Every structure is written in structure tokens, then in C-alpha cells.
Enquirer: 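Just passing along the structure, written as C-alpha cells.
Quantities reported herein were computed from a predicted structural model and do not represent experimental measurements. We use all heavy atoms of the structure for the numbers below, so side chains are in, but hydrogens, waters and symmetry mates are not. Protein chains get the first letters and strands the later ones, always in sequence-line order, with residue 1 at the start of each.
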2 protein chains.
Amino acid sequence: MTTAATRRTPAEKHEERRRALAASALTTLGELGYARASLREIAKSSEFSHGVVHYYFHDKLDLIVSCVRQYKATCVHRYDGVVDDAASADGLAAAFADALVRTILDEAPMHRLWYDLRAQTMFTAELREAVLAIDATLEEMVWRVVARYADLAGAAPALGPRAAYGLLDGVFQQALLGHLVGRDDALVDLDAEVRRVLPTLLV
Amino acid sequence: MTTAATRRTPAEKHEERRRALAASALTTLGELGYARASLREIAKSSEFSHGVVHYYFHDKLDLIVSCVRQYKATCVHRYDGVVDDAASADGLAAAFADALVRTILDEAPMHRLWYDLRAQTMFTAELREAVLAIDATLEEMVWRVVARYADLAGAAPALGPRAAYGLLDGVFQQALLGHLVGRDDALVDLDAEVRRVLPTLLV
DNA sequence: TCAACGTCTTGACAACTGTCCAGAGGACCG
DNA sequence: CGGTCCTCTGGACAGTTGTCAAGACGTTGA
């Protein structure tokens, strides 16, 4: 019988569980960070016991890499709406700055985890592939914004995708750190800085 | 008797040991990262046993904070020579870009540790004070370069110290990551990007 | 009804962690 | 020489870690 509850094949159900576990692990990782998130702690805040992790994942690193891949899907097209809806260069700049601020407000733990994992990548090679893939995707995401911004302004970008990403990511990271340590003007500054930085990216 | 070997007071000798231990710990931290550097591993690569750490430091965190403070002293005035010796804006840009590249070549482990610890700061409040103090000093260091560059070019900076630091730090961080994962054009790109970014920081 | 299977729990394991401490070793001073 | 202090060692501790395996549970199919 294929009711609404059992309409999935066993393989799909398996994959579904993997996703659920990874999603749960993702929030715990965002709370504790890579260094202090143990498998027992991860399982504790899910609906499963600590042993189940090795049923769905080969390794702790296998779990974390799956988490990273899952994270990627949630944030890769976050600013596409901003790009599509923009009618003017200034409007795009304002909307983009606002979207960045809201990202920190809504998902600060997720993004501090991202910077944590990217730093871990500099030490452990196992994370390399997954993290670098995301980094490249984020670079493309930023470049879509910058290219569209230049287009609307009728000018050409002064920098390449890599530099533009590193640059805006650095400003964002600084604002995230400021926000997390309680500097109350961190987000206001971010908004102003993004609006001032974008024009300098044009020739 | 106050020979050359025992000319220091006991208090000075104590402080000297602390510095030696912190220096040794610093290299181990740069090798393993914050998550995997245990006290035993730190002591193993020093000339002491693992128990001595609690004789000179109250805590593991006390040790790490001391390491961070020590690290600060070594890199805070790294680019002052570049600023002082510069005769033209383009010359300053070239020398600064070259100095950044050499920093990665010479001390990549130290700097990946820095980014690791800054990410940890987003999770654990105990590191906050020491890390934020260094971050502010680095911001000033970058600002000295940018201000001098604007001065030589006869223009005014288009951004404030915070944005300028976040921006250049982001580009540097991207290059460090690229270098550590073996992207062979990472440092060449860094050189080119810094030279192209600096002019855009002027009005 | 019984057997087989996929799923999950529970407890165990060896290794490792930060921390502490009893005491060895040596330098210094009376 | 004897005593006192500082320095440092090595082992022990309680707790935590990732990993694994034996078995319980519930569903399915014959």
C-alpha cells in the first residue's frame, strides 16, 4: 500500500533521514563551533541517539562534510532576488546592503560556523574539497551582484571576481564579528560601508 | 655572582620561561590549529613536560591568550618600514603588495592560526578581549598604509579605517587559503589584486 | 505465525583531554 | 654541611571523545 505516509521508497527514506540528521547537526555546529561539537552533543539536540550517526554516516567528518554541502544549498541564491529586482545601481546597492544586514540578523550562527570551517580547511585537508566548492559558489554569487551593479551603472568592474569576493567577504566578516561581540553599530556600519564600497568597484 | 648567565632576577627568569613556553606553543598551534592542539602535544614539541604548563599558566586558555598577545608583538609593525621608505604612491603599493606576499610565504601557519582564533572568538567569549585588541591594532596598521598611500597620491581615502581593513584583510585571507590548498597562482594574484585595489580606495 | 530485514538504542572500548599533586632534583644561602 | 626555596617531572584523576557491536524494536513478506 502506498499511502501518503509511506509513499517514499526505502532509499529515499534513508536519504531523508540523512538530511534530517545533517540539518540538526548544522544547528548544533552553529551553536558550539567545530572544536566543541561532539557527536553526543549533536545527537542530543536531535531526535536520535548518539549511535545512529554511524548508521547514516561513515565518519564524523562525513557528517560534517554533508552538513557543509547542505548549508551550501540554503545560501547560494540568497541575493539573486536582489539582483533580479534592481532597477537602478543605487537601488541595487541599497537592497544588497540591506540583505547582507538581514543575513547577519537572521543567521549569525550559521555564518560564524562557515568562517570556522573555512579556517579548519587551512589545517585539515579532508574538508578542502567541500569548503572550496562552496567558496567558489559564493564568489560567483557575489560576482552576479557586482556585474549587475556595473551593468546598471553603465560602467565596468574595476576588479575580478576573486578580488571582489574577498573584499566584500572581508567587510561582511568584520561586521559579523562585531555583531557577535555586541558592538551595536556593527550592522549600521556594514550598511554604510557596502554602499560606499560598491561605487569604488567601478572604473 | 652576577655572570652573564644569571644576570636576571628570578621574576625576570620566570617571565622569560613564560615567553619561551608561549613561543613554543605558538608554533604548535600554528601547526595543528586550536581544535587539535592539546597541552601534551604543545609540551611535546617544547623542552618541557606537560605538567609544567600549569606552573606558568593558570589555564589552557591563559596559555593561548598569552600566545595571542605574543603573536601581536611580532606582526603589528610589520609594514611600517614599507610606509616609511615609500617615495611614491605606486612605489608604496608595490612594496606593500610584495610585503603581503612575503608574509604568506614566511608565516602561513601563524596566520591561519590567527583566522582560526578569530573564528573561535565568535563562539567563546574568553578569547574576545585579546583577539579584538589585536584586530584593532591590525586595523590601525592597515590604516597607516592606506593613509600614507593617499597622502603620496595627493588624494583622500574613500573609506574609513574599518572598511579598508576588512577589505584588504578579506583579500589577504583569500590568498592565504589559496596558498595553503596549493593553488599556485594565489600569491601572484594577491600581488596584482592589491595593486589594483589600492587605487580604488581613493576619491 | 514465523522468519527476515532495516532501523535504532544502549552500553562498552580505548584513547585522549585538562587538571592536579606528590615528590624528585637542583640552586642558593645560612 | 643542612635547610629552604623554586623548578620541573611523571603519574594519576575524572571526564569526554569517536567508534563499534550486540541486541531490541517494529515492520514487512511468506
Enquirer: Which label fits B/Y71 and B/W114: parallel for a plane angle under 30°, tilted from 30 to 60°, or perpendicular past 60°?
Expert: parallel
Enquirer: Under the salt bridge (charged side-chain N to carboxylate O under 4.0 Å, His left out) test, which residues partner B/E15, sequence neighbours left out?
Expert: B/R18
Enquirer: Run B/R118 and A/D116 through salt bridge (Lys or Arg N to Asp or Glu O under 4.0 Å) and show every step you take.
Expert: CA-CA 9 Å; B/R118 204 170 62 177; A/D116 189 5; over 6 Å; no
Enquirer: Classify the ring geometry of A/F172 against A/H111: parallel below 30°, tilted from 30° to 60°, perpendicular beyond 60°.
Expert: perpendicular
Enquirer: Counting primed atoms plus P, OP1 and OP2 as sugar-phosphate and everything else as base, spell out the protein contacts along nucleotides 10-17 of chain D at 4.0 Å heavy-atom distance: B, S or - for each nucleotide, 5' to 3'.
Expert: BBB----B
Enquirer: Grab the CG-C1' distance between B/D59 and C/dC20 for me, whole Å please.
Expert: 13 Å
Enquirer: Between B/V146 and B/A164, what is the shortest heavy-atom contact and its length?
Expert: CG2-CB, 4.3 Å
Enquirer: Starting at atom CG of B/L61, determine the distance to atom C1' of C/dT19, rounded to an integer number of angstrom.
Expert: 14 Å
Enquirer: Check whether any side-chain nitrogen or oxygen of A/H14 sits under 4.0 Å from OP1 or OP2 of C/dT7, and answer yes or no.
Expert: yes
Enquirer: I would like to know whether B/R144 and B/E139 meet salt bridge (Lys or Arg N to Asp or Glu O under 4.0 Å); could you show each step before the answer?
Expert: CA-CA 9 Å; B/R144 283 196 295 274; B/E139 183 182 311; over 6 Å; no
Enquirer: Give a yes/no answer on whether the side chain of A/R17 brings an N or O atom under 4.0 Å of OP1 or OP2 in C/dG6.
Expert: no
Enquirer: Does B/V82 reach the side chain of B/L92, with side-chain heavy atoms less than 4.5 Å apart?
Expert: yes
Enquirer: side-chain contact (heavy atoms from CB on, under 4.5 Å) for B/Y165 and B/W143? Distances and angles first, verdict last.
Expert: CA-CA 7 Å; B/Y165 170 55; B/W143 185 246; over 6 Å; no
Enquirer: Measure CD/B/E47 against P/D/dT9 and give the value in whole Å, please.
Expert: 9 Å
Enquirer: Nearest-Å distance, CG (A/L21) to C1' (C/dT7)?
Expert: 13 Å
Enquirer: Does C/dT7 have OP1 or OP2 under 4.0 Å away from a side-chain N or O of A/Y55?
Expert: yes
Enquirer: Send over the distance from B/K13 NZ to C/dG26 P, rounded to a whole Å.
Expert: 15 Å
Enquirer: Taking atom P of C/dC8 as reference, at what distance in whole Å does atom CZ of A/R18 sit?
Expert: 13 Å
Enquirer: Rounded to whole angstrom units, what separation is found between the CZ atom of B/F57 and the P atom of D/dC8?
Expert: 12 Å
Enquirer: May I ask you to say whether B/D185 pairs ionically with B/R183, meaning some side-chain N is under 4.0 Å from a carboxylate O?
Expert: yes
Enquirer: Kindly give the atom pairs (protein nitrogen or oxygen, nucleotide nitrogen or oxygen) under 3.5 Å for nucleotides 24-27 of chain D.
Expert:
none

Enquirer: Atom NE2 of B/H58 and atom P of C/dT19: how far apart are they, to the nearest Å?
Expert: 8 Å
